[in-house]
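Heads up: numbering here begins at 1 and tracks the sequence. In listed order, ligands and their atoms are each counted from 1.
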Amino acid sequence: MSEVYRFGVSLEQTLIDAFDRHIAAQHYKSRSEAIRDLIREELIRKEWKEGGSVAGAIVMTYDHHKRELVNVLLDIQHDFQDTIISTQHVHLDHHHCLEIIAVKGRASDVENLATTLKIQVGVKHLSLSISSAAA
Ligand code: NI
């Protein structure tokens, strides 16, 4: 673990009260922990906006009875083999499949993959969760 530094933060009373309510609701043990997460989130957002390197997961559900859909989804995933780390497939019920696709790479490639999958007819829902590829 890298060295830990301390620094002071000045805030208006109303803002710190609102922040304390927020971190209590989130079950943070300290303000430091909550601030660390906020900083990381902001840095990830910045990476994402600037097209930097990100890691994350695409979660999608689809109707596998939809004609040709399974093949189309597979073709798309093969086209993005440099971005996809692994895929987990779960047969939810007779009609529906759940896929969790772990991704790592340029933000623009990850976004392109997610959008290309999402617009296919028969894909019921898709969400993209982004984390940091670094720190
Ligand atoms: Ni399935």
Side-chain angles (χ1 to χ4, degrees):
M1 193 182 170
S2 57
E3 210 172 326
V4 174
Y5 291 91
R6 286 173 178 273
F7 67 99
V9 180
S10 306
L11 296 173
E12 295 88 3
Q13 187 68 50
T14 50
L15 192 55
I16 196 70
D17 288 347
F19 187 60
D20 282 347
R21 282 195 301 276
H22 166 74
I23 66 179
Q26 302 280 313
H27 304 291
Y28 277 109
K29 290 193 179 66
S30 70
R31 286 176 180 158
S32 289
E33 243 179 76
I35 289 170
R36 262 196 298 273
D37 277 1
L38 284 176
I39 292 171
R40 285 198 190 102
E41 239 168 72
E42 188 55 30
L43 292 176
I44 290 167
R45 197 171 300 140
K46 182 172 173 285
E47 282 278 305
W48 178 257
K49 257 179 32 197
E50 293 174 350
S53 192
V54 295
I58 293 168
V59 178
M60 65 173 178
T61 52
Y62 60 87
D63 181 350
H64 79 123
H65 284 151
K66 196 88 195 167
R67 212 174 129 78
E68 282 300 304
L69 179 60
V70 174
N71 284 335
V72 170
L73 295 178
L74 275 177
D75 282 348
I76 294 167
Q77 292 188 44
H78 277 267
D79 288 342
F80 284 88
Q81 58 174 314
D82 292 338
T83 307
I84 296 173
I85 304 165
S86 77
T87 303
Q88 184 177 19
H89 184 104
V90 179
H91 311 300
L92 279 183
D93 58 33
H94 185 69
H95 288 278
H96 299 102
C97 302
L98 166 74
E99 249 172 55
I100 303 160
I101 305 169
V103 291
K104 186 180 171 191
R106 278 201 314 246
S108 56
D109 290 338
V110 170
E111 193 167 24
N112 192 8
L113 169 61
T115 307
T116 308
L117 292 168
K118 193 176 193 170
I119 60 172
Q120 302 306 316
V121 175
V123 174
K124 304 271 181 173
H125 180 259
L126 183 146
S127 69
L128 170 61
S129 176
I130 286 302
S131 190
S132 175

Under-2.8 Å protein N/O/S neighbours of the Ni ion (ligand 1), ordered by chain then residue number:
H89 NE2, H91 ND1, C97 SG
For H27, the side-chain contact (heavy atoms from CB on, under 4.5 Å) test, sequence neighbours excluded, returns none
Taken in chain and number order and not counting sequence neighbours, the residues that satisfy side-chain contact (heavy atoms from CB on, under 4.5 Å) with S129 are none
Same cluster or not: V70 versus L113, using hydrophobic residues (I, L, V, M, F, W, Y) connected whenever any side-chain heavy atoms lie under 4.5 Å apart?
yes
Using a strict 4.0 Å threshold on nitrogen-to-oxygen distance, state whether D37 and R40 make a salt bridge.
yes
N/O donor-acceptor pairs under 3.5 Å from side chains in residues 90-97, not counting sequence neighbours:
from	atom 1	to	atom 2	distance (Å)
H91	ND1	H89	NE2	3.2
D93	OD1	H95	N	2.9
D93	OD1	H96	N	2.8
D93	OD1	H96	ND1	3.1
D93	OD2	H96	ND1	3.3
H95	ND1	H65	ND1	3.0

Between H64 and L69, does a side-chain contact (heavy atoms from CB on, under 4.5 Å) hold up when you go through it step by step?
CA-CA 7 Å; H64 79 123; L69 179 60; over 6 Å; no
